[in-house]
Amino acid sequence: MSGGYLTIRNLSAVLRDTGERVLRSVDIDLQPGTIRGLVGESGAGKSMIGKAVLGVLPKALKVVEGEILIDGQDLLKLKDADRRRLIGASTALIPQDPLTALNPSHRIGPQITNRLVDILGWTRRAAEVRALEVLEEVQIADAARVMRQYPHELSGGMRQRILIASAFAAEPKLIIADEPTTALDVTVQKQILKLISNLQARHGTALLFVTHDLGVVAKICDSLSVLYGGKVVEDTDVASFFNGPHHAYGRALLAATPRHTDPDASLLPVPDDVIAAVRAELGEADRQWVRHD
Amino acid sequence: MTDALYRIEGLRVEVADQTRKPLFGAAPRLRILDDISFSIERRSVLGIVGGSGSGKTTLGRTLVRLVEPTAGTLIFDGQDVTQLSDDAMRPLRQRIQLIFQDPMSALNPRLTIGRIIAAPLRAKTSDPRVAAALDNVGLPRGFAGRYPHELSGGQRQRVGIARAIALRPDFIVADEIVSGLDVSSQAQVLTLLANLVKDLGLTLAFISHDLSVIRRLCDRVIVLQKGKIVEDQPVADLFTSPSHEYTRQLLNSIPEPDPSQRW
């Protein structure tokens, strides 16, 4: 594996208290200008990978081995200040919940421009021009007025657009989107997903898309990693996954995803024997794993 | 429509809009539901679909009389229940049950599962109906001694279902009960509900924003937009020939797990 903008190699993280592994030797390769879906059920560790890249893992977790390379530089070997500078300049996050991600007591404008001014050293004037530009890019009409409004005055879809604008404002090379549409209606979800994939294509951003919805993956991702229990059980491109997943767990997950065009196919939960098999795989991996910290 | 269990005619729900209340005088009225009429046949599943703010949860709560209608009539099993007093309503309450969206906040964290299920029965946890309800939803009887935080989301939602069916109701309103769940637990809960409807002869109103889930379970679907019914059709017709633009939009927006049509 080489040439990815973001490359995660052999990353393991444990719970500080019990030593239990939460991420199990994760390998992920994200090419520039592509979208990789990170799929799994709740507790599979998909959000943890995004957090590990951004360096905001919960305190209860500790990375014990592996590399997170951004543009060839290993984040885990950098000093805190250098790592923050690199992340701040190259990476942005589109968070899950647009209501809690915006500060309710500040106007929209400064919430977009402050990051550019305080962290990236832009002038206030340049930042404001850029903010107007990206707000128009996410199809917000009357952007100048919206910049003076407060979050509560806007709908959920509008707020999510603002967070997307804010993520793209500094032209990041890498964006991590953590279930950005789960709080939205289907109709709004479609608009937002189209918007994200258009902007991503236009700017050539590498996008890591965390989701539990295989339908969404089919619509916008290029490749995907299926996680179970913090382990990547399948790593493939979208076309071959939906033509027939290689791993039994991937197949079961796809069978559990509803399709409205095929009403007679019954909806199957992931069978117990598949779960048992994938757990056994994890147990085997843990037995062979030697801690290197 | 020969055998309707529940008939709703001309239902309107308004609330006072306190954010625009003038200093003196009454607050302006905000219309949440407007001229809603439909009926639910015995032993059938009605899907109630709509976007956020369409009034689907308010409709569900009105059906179990947690929200007072402003106008209209609710006829449950031949009896007009619109104006019934709390006392007169009480015997009907156990025939009409509600299952909540978020099982974590709907289950008392300090009670064991057994006590949660036994509470509305006014029975002890050793009551055979508690064990029967756990059997019905496919949870081991030993779960009666556990607490909600020890269970997964799907298991908690089953407890919510067990509590509702333990009373042997005729009619259940299920408000977005699978939207917080993973696809796998979602499939389990949907299969369970479909079986319970068949085995126990339940009538169900299933509220959801997700049309792909609706198709599995429902016989008939109404689509709400801004408090009005814009579509009322048998489920197969809704998917093959939606009559309203909004329904078409909803259908179009479902992300099908099929990468040949990209967005």
Side-chain angles (χ1 to χ4, degrees), chain A residues 39-44 155-157 181-198 211-222 224 237-243 249 252-271 274-275, chain B residues 19 49-54 56 138 152-154 178-195 208-218 221 223 225 235-240 242 245-263:
Chain A
V39 191
E41 298 179 73
S42 42
S155 69
T181 58
T182 34
L184 305 172
D185 272 357
V186 275
T187 47
V188 183
Q189 162 170 288
K190 184 175 181 181
Q191 294 165 11
I192 296 288
L193 290 176
K194 276 178 146 174
L195 188 66
I196 292 180
S197 72
N198 282 343
T211 180
H212 64 271
D213 189 343
L214 280 173
V216 169
V217 172
K219 293 303 175 200
I220 66 164
C221 294
D222 302 296
L224 77 162
D237 64 290
V238 161
S240 52
F241 180 81
F242 287 94
N243 281 334
Y249 179 72
L253 205 57
L254 192 54
T257 307
R259 283 169 193 259
H260 78 81
T261 46
D262 181 14
D264 302 324
S266 59
L267 210 53
L268 301 166
V270 176
V274 174
I275 296 287
Chain B
T19 59
V49 190
S52 48
S54 61
K56 53 189 192 301
S152 73
V178 295
S179 49
L181 303 179
D182 285 325
V183 278
S184 180
S185 355
Q186 182 176 309
Q188 281 173 2
V189 170
L190 288 176
T191 314
L192 171 71
L193 265 186
N195 290 339
S208 177
H209 67 278
D210 188 347
L211 275 171
S212 52
V213 165
I214 288 281
R215 179 148 211 179
R216 303 285 140 178
L217 196 63
C218 302
V221 181
V223 179
Q225 188 191 21
V235 73
D237 298 352
L238 181 95
F239 283 89
T240 51
E245 177 52 34
Y246 181 63
T247 316
R248 274 193 288 275
Q249 247 182 48
L250 282 178
L251 284 173
N252 242 323
S253 310
I254 302 175
E256 280 282 291
D258 169 14
S260 61
Q261 283 163 332
R262 307 270 288 177
W263 284 351

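Below, chain A is the first sequence line, B the second, and so on; all start at residue 1. Here the structure is a predicted model, which is why all the values come from computation and not from measurement.
- Within the 3.5 Å criterion, the main-chain N or O of B:Pro259 finds no donor-acceptor partner in the side chain of A:Lys219.
- Applying the side chain to side chain contact (heavy atoms under 4.5 Å, CB included) test between B:Ser253 and each of A:Leu193, A:Thr187, A:Val188 identifies A:Thr187 as the sole match.
- Looking at B:Ser52, the atoms closer than 4.5 Å to chain A (heavy atoms on both sides) sit in the backbone and in the side chain alike.
- Closest approach of A:Arg259 to B:Arg216, counting heavy atoms only: O-NH2, 2.9 Å.
- In this structure, CG in A:Leu253 is found 8.5 Å from CG in B:Asp182, a value given to the nearest 0.5 Å.
- Judged as a ring pair (Phe, Tyr, Trp, His ring centres under 6.0 Å), and not counting sequence neighbours, B:Tyr246 has no contacts.
- In this structure, chain B has no heavy atom under 4.5 Å from any part of A:Asp237.
- To the nearest 0.5 angstrom, A:Lys194 atom NZ is 13.5 Å from B:Arg262 atom CZ.
- Taking A:Phe241 as the reference, nothing meets the ring pair (Phe, Tyr, Trp, His ring centres under 6.0 Å) condition, with sequence neighbours excluded.
- Counting heavy-atom pairs closer than 4.5 Å to chain B, the top-ranked of the candidates A:Gln191, A:Lys190, A:His212 is A:Lys190.
- Of the inter-residue distances, the one linking B:Asp210 atom CG with A:Asp185 atom CG reads 11.0 Å to the nearest 0.5 angstrom.
- The candidate from A:Val216, A:Val238, A:Ile220, A:Leu254 with the greatest count of non-hydrogen atom pairs under 4.5 Å with chain B is A:Ile220.
- Residue A:Asp213 touches chain B through its side chain alone, counting heavy-atom pairs closer than 4.5 Å.
- Taking A:Ala218, A:Cys221, A:Gly43 one by one and counting their heavy-atom pairs under 4.5 Å with chain B, the maximum is reached by A:Ala218.
- Looking at B:Leu250, the atoms closer than 4.5 Å to chain A (heavy atoms on both sides) sit in the backbone and in the side chain alike.
- Side-chain contact between A:Leu214 and B:Val183: absent, with no pair of heavy atoms (C-beta onward) separated by less than 4.5 Å.
- The shortest non-hydrogen separation linking A:Ser197 to B:Trp263 is OG-O, 3.7 Å.
- Of all heavy-atom pairs spanning A:Glu41 and B:Ser184, the tightest one is OE1-CB, 3.5 Å.
- The heavy-atom pair separating A:Pro258 from B:Gln186 by the smallest distance is CG-NE2, 3.9 Å.
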